[in-house]
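The structure appears right after this line, and notes come after that.
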Amino acid sequence: MDKTNATVISNFIFLGFTHYPKVEITIFVLCLLMYLITLLSNIILISVSVLDSHLHTPMYFFLSNLSCLDIWYTSSALTPMLANFISGKNTISFSGCAAQMYFSLAMGSTECVLLSVMAYDRYVAICNPLRYSIIMNKKICVQIAAGSWVTGSFTALVEIVSVLQLSLCGSSVINHFTCEILAVLKLACVDTSKVQLIMLLISVLLLPMPMLLICISYAFILSSILRISSLDGRSKAFSTCAAHLSVVVLFYGTALSMYLKPSTMDSQEIDKFIALVYAGLTPTLNPIIYSLRNREVKVAVKKLLVRNPLCALSVSSSK
């Protein structure tokens, strides 16, 4: 960004949820609870995945990556809002806003790719179990996970650089609770059609395409489940798939409604509440639905508590 732009806007002001004073405290409490649950549940999942050798499998390797993403993603989106609410200062520096935009976009974009990878992993495990260990070997898993992080980080960098090259000489007030890229883009006083085209192409790459791959993977998975003779096994598999798909639909549905909606349906107030869903609620649900319901994880958590008596004592005292 050139010097002219930097001198015009050095700090941004968040409007947040000031238009809703009666529910602002309620929103703060809910966001704080979602953030704390996200931190605790994902840290537990990462810990047991690393410490328990029985969980050294491709599925839990990808779930650990997802947990890291959720911690970073929620921290970049919600922590500044929570801090601003407590301090009473709804401001952020230009560099801080740029960093927040980048990390939120990078983590969100990476999660879009990683969720499709996890669906493919489940497809191979259920539909091709005899070759699962060969197809999803350690080297392939690391390469796929690294590819997801690189893709998310690179696409976010392209979007951020495109926006920061614009002349932001309008108002310094962002009608959002975070430096969301679409909200910042509204501050530009020049033509943004090229930037919007770049964002549209990246959104198509990261939203409908991965979701299509997920749907195809689960179509094959459900086809295999229907061939299971055991009624109990079939209902358990259906329950697991339904839980996974509900998180996928929630995440991709809210993201699609944000980044691929028609301009005629643009509403900044609705966007703020949609952002709360995919930045707060989805990361809270991910570890609970994907992992903490699993018997393997429950057993691993019990083992971890037995190895650490102090931790077990603190858990029992909290009850």
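All values below come from the heavy atoms of this structure, side chains included, with hydrogens, waters and symmetry mates left out.
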Stepwise side chain to side chain contact (heavy atoms under 4.5 Å, CB included) check, Ile44 with Leu40: CA-CA 6 Å; Ile44 289 174; Leu40 179 62; 4.0 Å; yes

Residues Thr282, Tyr252; criterion side chain to side chain contact (heavy atoms under 4.5 Å, CB included); working and verdict: CA-CA 10 Å; Thr282 306; Tyr252 282 101; over 6 Å; no

Which atom pairs, donor and acceptor, lie under 3.5 Å between side-chain atoms of residues 24-35 and protein residues at least two apart or in another chain?
from  : atom 1 : to    : atom 2 : distance (Å)
Tyr35 : OH     : Ser75 : OG     : 3.1
Tyr35 : OH     : Thr79 : OG1    : 3.4

Test: Lys272 cationic atom under 6.0 Å from Phe17 six-membered ring centre, within 45° of axis: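 Yes, Lys272 lies over the aromatic ring of Phe17.
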
Less than 4.5 Å apart, side chain to side chain, heavy atoms only: is that true for [X] and [Y]?
X      : Y      : result
Cys179 : Ile92  : yes
Gln143 : Ile140 : yes
Leu200 : Gln196 : no
Met107 : Thr74  : no
Thr192 : Lys186 : no
Cys97  : Ile174 : yes
Val161 : Gln165 : yes
Leu69  : Trp72  : no

Given the rule that I, L, V, M, F, W and Y join up when any side-chain heavy atoms are under 4.5 Å apart, are [X] and [Y] in one cluster?
X      : Y      : result
Leu213 : Tyr120 : no
Ile135 : Val117 : yes
Trp149 : Leu157 : yes
Ile274 : Leu256 : yes
Leu201 : Leu207 : no

Is the backbone of [Y] close enough, under 3.5 Å, to the side chain of [X] for a donor and an acceptor to pair up by distance?
X      : Y      : result
Ser116 : Val113 : yes
Ser223 : Ala219 : no
Asn137 : Ile134 : yes
Ser224 : Phe220 : yes
Asn84  : Pro80  : yes
Ser109 : Ala106 : no
Ser104 : Met101 : no

Working for side chain to side chain contact (heavy atoms under 4.5 Å, CB included), residues Met258 and Glu180: CA-CA 11 Å; Met258 273 283 291; Glu180 207 279 324; 3.7 Å; yes

Closest contact, heavy atoms only, Asn42 versus Ser67: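 Between these two residues, the closest heavy atoms are OD1-OG, 3.0 Å.
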
Closest contact, heavy atoms only, Ile221 versus Ala119: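 Closest approach of Ile221 to Ala119: CD1-O, 4.2 Å.
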
Side chain to side chain contact (heavy atoms under 4.5 Å, CB included) partner of Val163, the single match among Val195, Leu105, Ile198: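 The side chain to side chain contact (heavy atoms under 4.5 Å, CB included) with Val163 is passed solely by Val195 among Val195, Leu105, Ile198.
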
Tyr259: which of Ile202, Val204, Ile181 passes side chain to side chain contact (heavy atoms under 4.5 Å, CB included):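 With Tyr259 as partner, side chain to side chain contact (heavy atoms under 4.5 Å, CB included) holds for just one option, Ile181.
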
Nearest 0.5 angstrom please: [X] [atom1] to [Y] [atom2], how far?
X      : Y      : atom1 : atom2 : value
Thr38  : Leu78  : OG1   : CG    : 7.5 Å
Ile214 : Met209 : CD1   : CE    : 12.5 Å
Ile289 : Ser41  : CD1   : OG    : 11.5 Å
Ser49  : Asn65  : OG    : CG    : 10.0 Å
Leu206 : Thr155 : CG    : OG1   : 4.5 Å
Tyr60  : Leu66  : OH    : CG    : 13.0 Å

Stepwise side-chain hydrogen bond (donor to acceptor under 3.5 Å, both in side chains) test for Thr178 and Gln100: CA-CA 8 Å; Thr178 184; Gln100 189 182 49; 3.1 Å; yes

Trace of the side-chain hydrogen bond (donor to acceptor under 3.5 Å, both in side chains) decision for Ser148 with Thr110: CA-CA 5 Å; Ser148 301; Thr110 304; over 6 Å; no

Verdict with reasoning, Tyr123 to Asn128, per side-chain hydrogen bond (donor to acceptor under 3.5 Å, both in side chains): CA-CA 7 Å; Tyr123 157 73; Asn128 204 351; over 6 Å; no

Ring center gap for Phe177 and Phe14 short of 6.0 angstrom: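 No, ring centres 6.0 Å or more apart.
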
Asn286 and Asp70 side chains, donor-acceptor separation under 3.5 Å: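 There is such a pair between these side chains.
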
Residue pair Tyr132 / Asp121, side-chain donor-acceptor N/O under 3.5 Å: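 The answer is yes; a qualifying pair exists.
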
NE2 (His56) with more than 12 external heavy atoms under 6.0 Å: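 Enclosed: over 12 neighbouring heavy atoms sit under 6.0 Å from NE2 of His56.
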
Residues, nucleotides or ligands: over 12 heavy atoms within 6.0 Å of Phe154 CZ: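 Incorrect, the count does not exceed 12.
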
Side chain to side chain contact (heavy atoms under 4.5 Å, CB included) evaluation trace for Glu111 with Leu115: CA-CA 6 Å; Glu111 184 161 340; Leu115 286 174; 4.0 Å; yes

